[in-house]
Protein chains: 2
Amino acid sequence: MEPKFLALEQEKQDRILNAAMKEFAQNGYKNTSTNNIVKQAGISKGLLFHYFTNKKELYLTLYDYFVELFLKEMQLKVDWEDKDIFSRHRQIAALKIKLFHQYEHIFNFLNAAMSEDSREVKSELNSRKEKFINHNYREMLQDIDRSKFKEDLDVSRTIEIIIWSIEGFAYKQQAKFKGLSIEEIDLKETLRELDRYIEVLKYSFYK
Amino acid sequence: MEPKFLALEQEKQDRILNAAMKEFAQNGYKNTSTNNIVKQAGISKGLLFHYFTNKKELYLTLYDYFVELFLKEMQLKVDWEDKDIFSRHRQIAALKIKLFHQYEHIFNFLNAAMSEDSREVKSELNSRKEKFINHNYREMLQDIDRSKFKEDLDVSRTIEIIIWSIEGFAYKQQAKFKGLSIEEIDLKETLRELDRYIEVLKYSFYK
DNA sequence: CTCCTATTGACCGAATTGGTCAACAGAAAT
DNA sequence: ATTTCTGTTGACCAATTCGGTCAATAGGAG
């Protein structure tokens with residue numbers, strides 16, 4: 001991140017980061033207008049280009065910063081010794097909720113970046129994606145204790161089903177949050193609601 | 001649909017419809033360029049505006065036509081007497097696969113339309129969406145035999161989990177299809193693969 | 001009063017947009 | 001052979017929007 005930008009007060013930094021992420025997530029790289037970003041962030045056009053040399057650098061800086069933030073949190077806050085799939089995904093969900101609280105659009109932004117293919121950023125982004133996948137993100141999700149599942153269950157497909165269920169739940173929650181301000185969202189209750197679905201899954205899939 | 005357009009040979013019609021749906025699905029209403037549509041469809045700019053009076057009419061005509069097509073097929077091809085949730089969703093999946101075969105982008109287009117909010121089409125689209133929801137699409141998915149589930153299961157949440165699983169499966173399949181031409185896709189095999197997941201779900205959730 | 005740094009927003013050339021229309025191709029009719 | 005007609009083309013247009021610049025300003029520090 002640019003040193004000039006880092007010298008800003010945290011609140012103003014976050015306002016700019018959130019505005020940029022929101023626009024990029026909603027419209028993709030090409031169709032995001034820097035005019036909308038500065039309007040959203042409440043700063044002038046000139047200032048944005050004072051901090052970031054151009055639109056492309058802004059986008060890639062954003063991507064690098066939030067991938068690293070996410071992976072660092074994952075490494076730090078999740079107990080990787082615990083191989084129970086539900087316990088692990090519950091921890092990841094809790095972490096995502098916490099990050100969502102500070103950066104509302106972080107996961108929409110990162111997801112959108114995963115399928116971004118504008119000419120201008122495609123090559124730079126692809127090499128970064130490889131790095132991200134290899135980091136050990138894949139194994140993070142796959143190093144699971146399979147002995148807890150019922151004997152005659154197709155465990156691989158069952159694990160897929162569990163992940164799809166949690167994703168579906170996350171998607172449903174986000175739709176529910178739409179339009180609400182961050183303060184109106186009851187994060188503890190969201191986690192409690194997730195536990196109700198986990199209970200169904202555990203009861204059905206575990207011995 | 002415009003009579004002039006309907007007089008065209010089916011193949012050319014479909015080429016134009018598919019091209020328009022693809023672009024609208026990928027970029028949304030506002031950021032879809034009619035230039036790209038005609039390029040994709042292999043026709044001239046003038047011809048597109050010979051068939052459709054303007055971009056907005058093209059978009060709404062497309063939406064109306066494919067919503068109706070989908071609902072008509074649903075009404076016709078699904079056995080609504082069968083209240084088994086797996087059997088019902090399997091029938092719907094089979095129908096979607098068939099439609100996908102002719103109009104590759106139909107569901108991406110319809111899904112994108114669901115969250116479309118460009119000024120130019122917002123009001124017209126919103127009234128159409130209400131109509132669609134009310135038609136009886138909701139009850140189509142909810143009139144399910146709940147007596148087959150295991151006694152102490154939270155049936156409502158279980159049903160949500162089943163739907164999320166099928167959606168997750170569909171999403172995974174579509175990612176796998178990406179880049180392949182229609183002819184290369186083995187539709188029977190896709191359905192067989194779905195059955196393997198249904199088997200896991202049925203075994204776990206049914207008595 | 002003078003620096004100095006942070007910030008502004010009017011402005012620019014370039015690109016792109018939805019939509020038009022005079023012209024054309026070529027089959028059918030005269 | 002000539003006219004008519006229908007389907008089709010793509011160069012063209014005014015309008016808008018874009019990323020990026022830069023001279024001008026504000027306002028605190030010295």
Side-chain angles (χ1 to χ4, degrees), chain A residues 1-17 19-24 26-63 116-122 124-125, chain B residues 1-17 19-24 26-63 116-122 124-125:
Chain A
M1 201 90 77
E2 304 292 299
K4 273 183 254 168
F5 180 73
L6 290 172
L8 279 174
E9 354 153 30
Q10 185 71 33
E11 188 272 339
K12 196 167 184 177
Q13 273 187 45
D14 283 357
R15 232 172 52 226
I16 296 172
L17 295 174
M21 279 198 286
K22 178 178 176 184
E23 294 298 314
F24 280 127
Q26 245 164 32
N27 311 309
Y29 177 80
K30 188 164 177 289
N31 294 318
T32 289
S33 157
T34 51
N35 294 321
N36 289 342
I37 293 177
V38 300
K39 209 184 298 170
Q40 185 78 204
I43 60 169
S44 70
K45 185 85 165 282
L47 198 54
L48 182 69
F49 286 96
H50 179 63
Y51 296 134
F52 302 93
T53 58
N54 55 39
K55 185 182 173 183
K56 181 172 168 178
E57 199 236 31
L58 166 63
Y59 183 83
L60 293 174
T61 300
L62 224 57
Y63 179 83
E116 177 64 60
D117 69 333
S118 296
R119 302 289 300 257
E120 294 100 320
V121 292
K122 193 167 187 176
E124 285 90 343
L125 211 49
Chain B
M1 200 92 75
E2 304 292 299
K4 272 182 254 167
F5 179 74
L6 290 172
L8 279 174
E9 351 152 33
Q10 185 71 35
E11 189 271 339
K12 196 167 183 177
Q13 274 187 46
D14 283 356
R15 233 172 52 224
I16 297 172
L17 296 174
M21 280 198 285
K22 178 177 175 183
E23 294 298 314
F24 281 128
Q26 246 163 33
N27 312 309
Y29 177 80
K30 188 164 177 288
N31 294 319
T32 289
S33 156
T34 52
N35 294 322
N36 289 342
I37 294 177
V38 300
K39 208 183 299 172
Q40 184 78 203
I43 60 169
S44 70
K45 186 84 165 284
L47 197 54
L48 182 69
F49 286 96
H50 180 63
Y51 295 132
F52 302 93
T53 59
N54 54 39
K55 185 182 172 182
K56 181 173 167 177
E57 199 234 31
L58 166 63
Y59 183 82
L60 293 173
T61 300
L62 224 57
Y63 179 82
E116 177 63 60
D117 69 333
S118 296
R119 304 288 301 255
E120 294 99 320
V121 293
K122 193 166 186 175
E124 285 91 342
L125 211 50

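Below, chains carry the letters A, B, ... as their sequence lines are ordered, and counting in each starts from 1. FYI, side chains are in, hydrogens and waters are out, and symmetry mates aren't considered; it's all heavy atoms of this structure.
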For this session: Heavy atoms of chain A, cut-off under 4.0 Å: which first and last nucleotide of DNA chain C, 5' to 3', fall inside that, if you could look?
Result: C:dT7 to C:dG9
Problem set entry | B:Q40 side chain to B:A20 backbone, donor-acceptor under 3.5 Å | no
For this session: Return yes if some donor-acceptor pair links the side-chain N/O of B:S118 with the main-chain N/O of B:E120 below 3.5 Å, else return no.
Result: no
Exercise. What heavy-atom pair brings A:K45 and A:T34 nearest, and what distance separates the two atoms?
Worked result: CE-OG1, 3.4 Å
For this session: Salt-bridge test for B:E124 and B:K56: reply yes if a basic N is under 4.0 Å from a carboxylate O, no otherwise.
Result: yes
For this session: If the plane angle is over 60° it's perpendicular, under 30° parallel, otherwise tilted; pick one for A:F24 and A:Y29.
Result: parallel
For this session: Give a yes or no on whether the backbone of A:I37 and the side-chain of A:E23 come within a donor-acceptor separation of less than 3.5 Å.
Result: no
Exercise. Checking B:K55 side chain against B:K30 main chain: does a donor-acceptor pair fall under 3.5 Å?
Worked result: yes
Seminar exercise, completed: Protein heavy-atom contacts under 4.0 Å, written 5' to 3' over nucleotides 7-22 of chain D as B (base), S (sugar-phosphate only) or - (none), form the string -BBB-------SBBBB
